[in-house]
Amino acid sequence: QVQLVESGGGSVQPGGSLRLSCSASGLLRSIDSMAWYRQAPGNERELVATITDRGNPTYADAVWDRFTISRDASMLYLQMDRLKPEDTAVYYCNAHRDATKWQGAYDYWGQGTQVTVSS
């Protein structure tokens, strides 16, 4: 119903920047919000940032002053600045449908893109 494809990951040095992109396709009118998650080795998946259908962003404490989430049409972005080694993780694009929709609540996920921050 909804397909998500991430891109823009790679390897950067500490203090560097990356911009992740998520291309969404399918029944996009049913999506109420989108988000970025990440999962580092040995850790559980954690929420990084969200953006509502009204464009209101929220951020995890660890990234609020360094990352910026945005969207444009069918694209979702995550601008990451002043990257740290602890930002190293697989980053996943998420699309959320609320239970108020006739299809019911659901979360769609991309395949993930690797971000590595090291010297």
Side-chain angles (χ1 to χ4, degrees):
Q1 186 176 40
V2 175
Q3 296 80 44
L4 305 172
V5 180
E6 302 96 334
S7 63
S11 181
V12 298
Q13 295 182 344
S17 297
L18 281 175
R19 189 177 76 156
L20 305 183
S21 298
C22 174
S23 178
S25 61
L27 193 58
L28 303 182
R29 290 185 297 272
S30 68
I31 299 301
D32 297 293
S33 64
M34 300 188 73
W36 289 97
Y37 288 74
R38 69 185 182 186
Q39 186 168 20
N43 294 93
E44 296 184 350
R45 186 176 300 181
E46 64 175 347
L47 178 64
V48 177
T50 63
I51 187 165
T52 70
D53 57 351
R54 293 178 172 83
N56 297 322
T58 61
Y59 300 95
D61 290 342
V63 308
W64 71 269
D65 57 339
R66 300 182 295 116
F67 291 9
T68 302
I69 188 172
S70 62
R71 67 181 185 185
D72 184 12
S74 61
M75 298 294 295
L76 178 72
Y77 304 98
L78 184 67
Q79 178 66 43
M80 305 184 294
D81 298 318
R82 305 193 306 280
L83 284 162
K84 304 175 181 179
E86 50 263 45
D87 295 319
T88 296
V90 177
Y91 284 71
Y92 297 92
C93 180
N94 165 268
H96 175 73
R97 184 175 67 234
D98 290 339
T100 55
K101 296 294 192 296
W102 71 267
Q103 301 97 323
Y106 201 81
D107 284 285
Y108 299 92
W109 299 92
Q111 82 289 345
T113 184
Q114 177 70 49
V115 172
T116 302
V117 185
S118 65
S119 300

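All values below were derived from every heavy atom in this structure, side-chain atoms included, with hydrogens, water molecules and symmetry-related copies excluded.
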Within one Ile-Leu-Val-Met-Phe-Trp-Tyr cluster: Leu78 and Ile31, side-chain cutoff 4.5 Å = yes
Around Tyr106, counting heavy atoms of other residues, nucleotides and ligands shown, do more than 12 lie under 6.0 Å from its OH?
-> no
Heavy-atom nearest pair, Ser70 first then Ile51, reads CA-CD1, 4.0 Å
At their closest point, which heavy atom of Tyr59 faces which heavy atom of Thr68, and how far apart are they?
-> OH-CA, 3.4 Å
Contact summary for Arg66 and Leu83, nearest pair of heavy atoms | NH1-CA, 3.8 Å
Compare all side-chain heavy atoms of Asp65 with those of Arg82 and state whether any distance is below 4.5 angstrom.
-> yes
Here the gap from Asp87 atom CG to Thr116 atom OG1, rounded to the nearest 0.5 Å, amounts to 11.0 Å
Compare all side-chain heavy atoms of Ile69 with those of Pro57 and state whether any distance is below 4.5 angstrom.
-> yes
To the nearest 0.5 Å, tell me how far His96 NE2 sits from Lys101 NZ.
-> 9.0 Å
Decide side chain to side chain contact (heavy atoms under 4.5 Å, CB included) for Leu76 and Trp36; before the verdict, give the C-alpha distance in whole Å, the side-chain angles of both, and the deciding distance to 0.1 Å.
-> CA-CA 9 Å; Leu76 178 72; Trp36 289 97; 3.4 Å; yes
Note: Gly55 and Arg71 closest approach over all heavy atoms is N-NH2, 3.6 Å
Please report the closest heavy-atom contact between Val48 and Tyr37, naming both atoms and the distance.
-> CG2-C, 3.9 Å
With rounding to the nearest 0.5 Å, note down the distance linking CZ in Arg97 to CH2 in Trp102.
-> 8.0 Å
Can you sort out the partners of Arg54 under side-chain contact (heavy atoms from CB on, under 4.5 Å), two or more places apart, ordered by chain and number?
-> Thr52, Asn56
Side chain proximity check, Val5 to Gln3, heavy atoms < 4.5 angstrom | no
Could you pull out all donor-acceptor pairs under 3.5 Å where a side-chain atom in residues 6-22 meets a protein atom, sequence neighbours excluded?
| unit_1 | atom_1 | unit_2 | atom_2 | d |
| --- | --- | --- | --- | --- |
| Glu6 | OE1 | Gln111 | N | 3.0 |
| Glu6 | OE1 | Gln111 | NE2 | 3.3 |
| Glu6 | OE1 | Gly112 | N | 2.9 |
| Glu6 | OE2 | Cys93 | N | 2.7 |
| Glu6 | OE2 | Gly112 | N | 3.3 |
| Ser17 | OG | Asp81 | OD1 | 2.8 |

Drop me the distance from Arg38's CZ to Leu47's CG, to the nearest 0.5 angstrom.
-> 10.0 Å
Out of curiosity, does Trp64 fall in the hydrophobic cluster containing Met80 (side-chain heavy atoms, cut-off under 4.5 Å, transitive links)?
-> yes
So, the side chain of Asp98 versus the backbone of Asp32: is there a donor-acceptor pair under 3.5 Å, distance only?
-> no
Report yes or no: do Val63 and Met34 belong to one cluster of Ile/Leu/Val/Met/Phe/Trp/Tyr joined by side chain heavy-atom distances under 4.5 Å?
-> yes
